[in-house]
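One structure is given below, encoded as structure tokens.
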Amino acid sequence: MENAITIRGLQKHYKDFSLKDVSFDVPAGSIVGFIGENGAGKTTTIKALLGIIRNDGGSLRILGRTPEQQRRAPSEEIGVVLDTGFFFEWMRPSDISRVSARIRKSWDAEYFKAMCNRFDIPMKKPFKEFSKGMRAKLRIITALSHHPKLLILDEPTSGLDPVVRSDMLDLFLEFIQDEAHSILLSSHITSDLEKIADYIVFLHEGRIVFSLTKDEMQERFAVVKCAKEEAAGVERLGCVAGRRDSKFDAELLVSDAPAVCRAFPSMLCEQASIDDIMTFFAKGEH
Amino acid sequence: MLGLLLKDFYALRTYFKRQALVMILAYAVLSILLQSMSFLSSMLVMYGMMVYMTTFSVDEACQWNAYACTLPVTPRAAVASRLIVLLTMIWGVGLAATVIPLPFQLMLFDGSVLESFASFAALAFIYTVVGTISLPVFYKVGPERARMITTLMFILPFMAVIWIASAWKAAIAPLFDWAAFNWPLFLAACALFLVLMCVGSFFAAVRIYRKKEF
């Protein structure tokens, strides 16, 4: 399968943070959930991919183009929602459409208007008077209204209520019906990714922890609850990715659930959610 | 590029309206008090410079430049649109503000057409020079620091000219024979200088914009 995005060995160094050897793909026709705690490097990775910042090492391709090519002449085939950065607060959706129509050759003003109607976005109201939900919807609609092939979304549903989030997820699923379309979706709201993502890429402290299909991830990762004495036996299998101890018991995040279940058939082994995985890595001992 | 200009216009529309009202009121009162309308172009050229600087602050406030990197907007188009804002706000607005009140000035108060145009051109020249120097500075250091640097670019030469004119008046005066002064050549040289400033400023700003991380 052709990749919409290929990242190999991405490095970016700041004084107090580094992206180290980040590698993953976004296969064409898929939704890739990009997860990680705040400050893990998700936005930095996205910015490097788009050429907004320069990488210090590695090779990146976005629809076959390097970030440098993307920066010099950004592609019409990419739609982006950044966690910051958009039109000025005083602008109205009708203004945004007029401006975008002159910036993008493929801007579809009718589609934009129809989507604004569908999601109750008033065309004549300034952006500054919009609720958080309306702002998020407008950003996503704007990213979709030139019919891109690839959507890159950085926390697009952050702070939205479940009803609006559900609307947005439906929109992403509609978009992905075309097999040539792909989405890289960075989000903290892991329940959304569990619903729609085909792949999960987990970034922790600037490093990729895993890049797996959602099914593989659900098959491999499990939370094992056991007594502390039993935990040592599980650890000897070499697949413990995280551990949390309470007074008497231990909770282990294991990355090879079938092996643990085979070795300890009586042990309680629950499928790990994305939340479990993130929490263990962010807070647990590992 | 038209899209970028339109974006600046829409973003500053409210600011334009509020400022225009204040300017009209202030101008009407001052015209009556001073018995002159000739200072309108000076005021509006200064206002144009403020609008130009505000466009950078507006972009910073909504982090437009990062978003613009994801749009089919080349660095050349981004910089060229800002240069057009500068030139339009200084020369376009200033010229309109010189021509429109001229009949009223001549009818109601004393004054000369040449003097009005000369004062507008001199001021627009200075503002354009400062504006073109400040264009790459805005991209390099951001609007907050660039505003301060631009203000200093106005104040320091102004103070230097005042000091030279007062302290060295006697020594300088004989150097200028205004009657024999070659005005056409001087104006052509000024125009050429401005063109070179615009071209240099454009390429310097594009170079900075290309390398800048947003």
Side-chain angles (χ1 to χ4, degrees), chain A residues 12 14 43-44 46-56 62 67-68 70-107 126-128 135 139 142-143 146 148 150-154, chain B residues 1-21 51-82 84-85 139-140 142-143 203 205-214:
Chain A
K12 178 71 187 174
Y14 293 108
T43 300
T44 307
I46 287 173
K47 284 189 166 182
L49 187 62
L50 292 166
I52 297 171
I53 58 172
R54 279 186 305 281
N55 54 315
D56 297 328
I62 177 165
E68 293 75 27
Q70 171 63 20
R71 174 75 182 259
R72 264 201 304 277
S75 169
E76 285 266 6
E77 294 182 319
I78 302 167
V80 179
V81 174
L82 296 173
D83 66 337
T84 56
F86 196 57
F87 289 94
F88 189 55
E89 298 259 300
W90 279 102
M91 288 178 71
R92 303 171 298 195
S94 57
D95 301 335
I96 290 172
S97 184
R98 272 185 224 118
V99 170
S100 301
R102 282 165 182 84
I103 290 177
R104 292 190 182 279
K105 284 180 195 145
S106 48
W107 181 258
F127 189 54
K128 72 186 282 286
R135 282 165 184 245
R139 283 185 170 140
T142 307
H146 62 287
L150 170 64
L151 271 184
I152 297 180
L153 310 167
D154 193 3
Chain B
M1 194 175 7
L2 189 61
L4 297 175
L5 292 169
L6 204 57
K7 185 265 301 175
D8 282 340
F9 171 74
Y10 284 139
L12 291 168
R13 185 173 39 197
T14 313
Y15 178 80
F16 279 137
K17 282 181 193 165
R18 286 182 188 163
Q19 293 288 320
L21 271 173
V51 169
Y52 159 73
M53 293 198 287
T54 305
T55 56
F56 287 97
S57 304
V58 165
D59 283 357
E60 172 100 337
C62 61
Q63 300 193 27
W64 164 261
N65 286 315
Y67 184 64
C69 289
T70 72
L71 301 171
V73 171
T74 61
R76 280 176 179 237
V79 172
S81 76
R82 209 32 62 86
I84 289 172
V85 170
Y139 284 116
K140 183 77 183 172
F203 285 108
V206 167
R207 199 179 154 86
I208 291 165
Y209 188 98
R210 269 203 189 117
K211 289 182 178 172
K212 182 143 177 144
E213 297 190 340
F214 294 107

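Convention: sequence-line order gives letters A, B, ...; per-chain numbering from 1.
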Who among [options] has the most heavy-atom pairs with chain A under 4.5 Å?
options	value
B:Glu213, B:Gln63, B:Arg210	B:Glu213
B:Val58, B:Thr74, B:Leu12	B:Val58
B:Pro75, B:Ala66, B:Ala68, B:Ala77	B:Ala66

- Message: Given heavy-atom pairs under 4.5 angstrom as the criterion, report whether the side chain, backbone, both or neither of B:Arg76 touches chain A.
- Response: neither
Could you measure the distance from the [atom1] atom of [X] to the [atom2] atom of [Y]? Nearest 0.5 Å is fine.
X	Y	atom1	atom2	result
B:Ser57	A:Phe88	OG	CZ	9.5 Å
B:Thr70	A:Leu50	OG1	CG	6.5 Å
A:Met91	A:Lys128	CE	NZ	15.0 Å

- Step through it carefully: locate the ring centre of B:Phe214, locate the ring centre of B:Tyr67, and say whether they are under 6.0 Å apart. no
Main-chain N/O of [Y] paired to [X] side chain as donor or acceptor, under 3.5 Å:
X	Y	result
A:Gln70	A:Leu49	no
B:Lys212	B:Tyr139	yes
A:Ser97	A:Ser94	no
A:Arg104	B:Pro72	no

- Query: Hey, which of A:Asp95, A:Val80, A:Ile78, A:Ile96 has the most heavy atom pairs under 4.5 Å with chain B?
  - Reply: A:Asp95
- Task: Return the option, out of A:Glu89, A:Arg72, A:Glu68, A:Arg102, with the maximum number of heavy-atom pairs under 4.5 Å with chain B.
- Result: A:Arg102
Which atoms of [X] are under 4.5 Å from chain B, going by heavy atoms: the side chain, the backbone, both sets, or neither?
X	result
A:Leu82	side chain
A:Phe127	neither
A:Lys105	neither

- Task: Decide yes or no on side-chain contact (heavy atoms from CB on, under 4.5 Å) for A:Phe86 and A:Thr142, but give the supporting numbers first.
- Result: CA-CA 10 Å; A:Phe86 196 57; A:Thr142 307; 3.6 Å; yes
- Ordered numerically, the heavy-atom neighbours of chain A under 4.5 Å found in residues 1-9 of chain B are B:Leu2, B:Gly3, B:Leu4, B:Leu6, B:Lys7
- Query: Within 45° of the axis and under 6.0 Å from the centre of the six-membered ring of B:Tyr10, does NZ or CZ of A:Arg92 qualify?
  - Reply: no
